[in-house]
Amino acid sequence: KETQADEFLRQHMDPDTSKVTASYCNTMMKLRNVMGEPCKPVNTFIHEPLRDVQAICLKGDVPCKNTKSDCHQSSSKMRITDCRLKKGSIYPQCDYETQQKRKYIIVTCEGNPYVPVHFVGSV
Ligand code: DGP
Ligand code: DGP
C-alpha cells in the first residue's frame, strides 16, 4: 500500500526537470495519476533534489492555518510548477494551466524518518 510519504513523492516531486513546457501539467497530472474525480483543483510539482525537500522537515517550523499539524517552510526559494485547473474543465478532461515559479514552499511532515507527507502551499 502506498504510504503518505510515497504519495507525496508521486504527486509533488520532479527533481530532474528544470524547464517545463505549456503542456507539462496536463502530461504530469496524468502520468503521476494525480487526477481524481472531480479534477484536483491545484497541484504543485517541485524541481529540487529530494534531500533538499526532505530537509525542510528538520527546520523552519511555521504556524499552520490548519492547527492540527506542524508546518515547515523552506529556507530558500524553490523551483516549482503550479498546476491549476482551467475554468470550466470537467472530469475526465482535466485541463491544467502550467506556471513555473520560484517560491518558498510549506509542507507537513510525519513519521520516523520525519518526511514530507503533504504540500500545504507556497509563499
Ligand atoms: P491561490 O494560489 O491563492 O489560488 O491558492 C492555491 C491554494 O492551493 C493554496 O492554499 C495552496 C494550495 N496548493 C498549492 N499546491 C497544492 C498542492 O499540491 N496540494 C494541495 N492540497 N494544495 C495546494
Ligand atoms: P496533497 O499534498 O495536498 O496533494 O495531499 C497529499 C495527501 O495528504 C492527501 O491524501 C491529502 C492529505 N492531506 C490533506 N491535508 C493534510 C494535512 O493537513 N495534513 C496531512 N498530514 N495530510 C493532509
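One-based numbering, in listed order, for ligands and for the atoms of each. Below, each value reflects all heavy atoms present in this structure, side chains not excepted, and no hydrogens, waters or symmetry copies.
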Check your understanding: Nearest non-hydrogen atom to atom 18 (O) of ligand 1 belongs to which of Thr81, Ile46, Thr44, Val107?
Key -> Thr44
Check your understanding: Would a distance-only check, ignoring hydrogens and angles, find a side-chain to backbone donor-acceptor pair under 3.5 Å from Arg10 to Arg32?
Key -> yes
Review point. Looking at Asp14 and His47, what are the two nearest heavy atoms and their distance?
Key: O-ND1, 3.0 Å
Practice item. Show your working on side chain to side chain contact (heavy atoms under 4.5 Å, CB included) between Leu50 and Leu9 and close with a plain yes or no. Key: CA-CA 9 Å; Leu50 181 58; Leu9 300 181; 3.6 Å; yes
Point to revise | Closest non-hydrogen atom pair, Val53 against Pro116 | key: O-CG, 3.9 Å
**Study point:** Enumerated ligand 1 atoms positioned under 4.0 Å from heavy atoms of Arg84
**Key:** 1 (P), 2 (O), 4 (O)
Check your understanding: Which bit of Val120 gets closer than 4.0 Å to ligand 1, counting heavy atoms only: side chain, backbone, both or neither?
Key -> backbone
Point to revise | Asn43: numbered ligand 1 atoms lying under 4.0 Å from its heavy atoms | key: 17 (C), 18 (O)
Check your understanding: With atoms numbered from 1 as shown, which atoms in ligand 1 lie under 4.0 angstrom from a non-hydrogen atom of His118?
Key -> 21 (N)
Practice item. Kindly give the heavy-atom pair with the smallest separation between Tyr96 and Leu85, and that separation in Å. Key: CD2-N, 3.4 Å
**Study point:** Structural part of Gln11 in contact with ligand 1, heavy atom criterion under 4.0 angstrom
**Key:** neither
